[in-house]
There are 2 protein chains.
Amino acid sequence: MPPGYCDPRRTAEGLPRPRRLLDKTDEAAREDADDAAAERVTMADTGTSDDTREKILRSALRLFTTQGFHATPTAQISRGAGVSTGALFHHFTDKATLTSEVYLAIKREMAADLREGDDMALPVRKRITGGIRRYIEWGVSHPEERAFLNLFYHSPNICDAVKDRTYADFRWLHDLCAEAVAEGVIRDVPHPVLFTVIVRTADGIVDLAAAVPPGTAREEVVDAGLAVIWHGIGAEGPG
Amino acid sequence: MPPGYCDPRRTAEGLPRPRRLLDKTDEAAREDADDAAAERVTMADTGTSDDTREKILRSALRLFTTQGFHATPTAQISRGAGVSTGALFHHFTDKATLTSEVYLAIKREMAADLREGDDMALPVRKRITGGIRRYIEWGVSHPEERAFLNLFYHSPNICDAVKDRTYADFRWLHDLCAEAVAEGVIRDVPHPVLFTVIVRTADGIVDLAAAVPPGTAREEVVDAGLAVIWHGIGAEGPG
DNA sequence: GTCTATACGTAGATAGAC
DNA sequence: GTCTATCTACGTATAGAC
């Protein structure tokens, strides 16, 4: 990873975060559910009702991504969280609502992470490059969250209206692109096309980067992807 | 759409196709299942066993994309196809197999369509541009098939090995890209990055184009998308 | 707020006639 | 090859004690 960007792991553990909810390393989340009893002991001192809620959300996230929505009984979700079915339905009215909550929590966390990485003092081009890098890093370090997002997004039966609820959190990114076009940093491409190209390409780079060992190889993939993006959208030559 | 490319509807109805299977307009497929009895009469003269199989596949496609996999009972699929549960399980060993067959049929048809649109006599750059256009046209005119592909691809519980079975059908596209790089038509970007950028961007353009009325507006979206792609990957300036 | 126990519906798949 | 009828099992969500 280039200078100015800290390791994703450091980011997840060291930086202040706006919400906890699903914010845990994959390893930690896995341990939680594999040994629900141990988890309960660990959480004993902070054993509020919110903890139960979060444990359920994490358990649902992991099971949905590995088994899918339909193949995951609510009983298994609650068991994975170390609580009972009754507790689950006390915190969430039904399975669909629980699923939506998982989605919203992930989206909010991702948006917050991108915002944290943004330095408004920098020129727009650097901000956009930084945003794309940060997005890629988040994706690589949050494979389960990303898998769930894809799963949920393409699933027709899971409440459509929920998808729109997070639009506002990413509004500033659209504005940032518009600013770049106004400044002549980005070619005058219709905004939907511009935004789609950036996000879809970045998303593809995440899959590529995740499939490659961390270090030089991964950096090369990211850099190559960024170069193609800027060749594509940049007003001038490569940068 | 630019010269040299026929209207998607003409493509679907007028050109010779290698397989029928799921190849029908959305409207026709919808009518089939909305009135299963009428369908049966229509098909009476050609009422082979293959027809039943195809009707089941089409019914499954439509229901999966509108309701999702888990929310679609096999009984509803067979009813939509105008046949019985028994008939469904005579043709497909189980629901998962049926789902895989839908996926494979769609992929094969898409691959065949792309191949048909390719003119090997043309220079590589034109062939690639043509392939991307054809891909976008196919996507716009096959929304259900595309929705299913996305649904299936991101679903963890549906047999993973199936995804790989269609790789060979698209192999030539990878070779085409490699050829373009060798000829200096495309910048020397690592192949996975190159291919990902093209496919992901094109896929995004499909969503954009589909959301816009056919005609000039849609053409502008496609042209803008192609311009960005070629700026991104092209060795020289825009084309 | 969390538990146990269970009601109620429904889904996938089979059996056996035609 | 297609049908009807059905078996078995499971999943969601609730009831009511603690």
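Proteins come first, then strands; the chains are lettered A, B, ... in the order of their sequence lines, and each starts at number 1.
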*asked:* Starting the side chain at C-beta, find the nucleotide from D:dT12, C:dT4, D:dC3 nearest to A:F89.
replied: D:dT12

*Given atom CD of B:Q76 and atom C1' of C:dG12, what is their separation to the nearest angstrom?*
14 Å

*Presence of B:T74 side-chain N/O under 4.0 Å of C:dG12 phosphate oxygens OP1/OP2*: yes

*To the nearest angstrom, how far is B:F64 atom CZ from C:dA11 atom P?*
13 Å

*Tell me: CG of B:D51 to C1' of D:dG1, nearest whole Å?*
13 Å

*What is the distance from CG of B:L98 to P of C:dA13, rounded to the nearest Å?*
10 Å

*Would you kindly give the CZ-to-C1' distance between A:F92 and D:dT12, to the nearest whole Å?*
16 Å

*Presence of B:H70 side-chain N/O under 4.0 Å of D:dG11 phosphate oxygens OP1/OP2*: no

*Provide, to the nearest angstrom, the distance between the CG atom belonging to A:D94 and the P atom belonging to C:dC8.*
20 Å

*Ion pair present between B:R200 and A:D203, side-chain N to carboxylate O less than 4.0 angstrom?*
yes

*Looking just at side-chain N and O atoms, do B:T166 and B:D169 make a donor-acceptor pair shorter than 3.5 Å?*
no

*Would you indicate which nucleotide in C:dC3, D:dA13, C:dA13 comes nearest to any side-chain atom of A:A87?*
C:dC3

_Closest approach to the side chain of A:T52, judged atom by atom: which nucleotide of D:dT2, D:dT12, C:dT2 is it?_
C:dT2

*Could you tell me whether B:S78 contacts a base, only the sugar-phosphate backbone, or nothing, with contacts defined as non-hydrogen atoms closer than 4.0 Å?*
nothing

*Atom CZ of B:F69 and atom P of C:dA11: how far apart are they, to the nearest Å?*
13 Å

*Output the single nucleotide from D:dA13, C:dT4, C:dT14 whose closest atom is nearest the side chain of A:K95.*
D:dA13

*Do A:T97 side-chain atoms and A:T93 backbone N/O form a donor-acceptor pair below 3.5 Å?*
no

_Taking 4.0 Å as the cut-off, does a side-chain nitrogen or oxygen of A:H90 come that near to OP1 or OP2 on C:dC3?_
no

*Charged N to carboxylate O below 4.0 Å: is that the case for B:R134 and B:D113?*
yes

_Residue A:T85, side-chain atoms from C-beta onward, closest of D:dT14, C:dC3, C:dA11_ = D:dT14

*Reckon B:T93 touches a base, only the sugar-phosphate, or nothing at all at heavy-atom distances under 4.0 Å?*
nothing

*Can you check the B:H91 NE2 to C:dA13 C1' distance for me, whole Å?*
16 Å

*Can you check salt bridge (charged side-chain N to carboxylate O under 4.0 Å, His left out) on B:D51 and B:K55, steps first, answer last?*
CA-CA 6 Å; B:D51 280 330; B:K55 280 189 289 188; over 6 Å; no

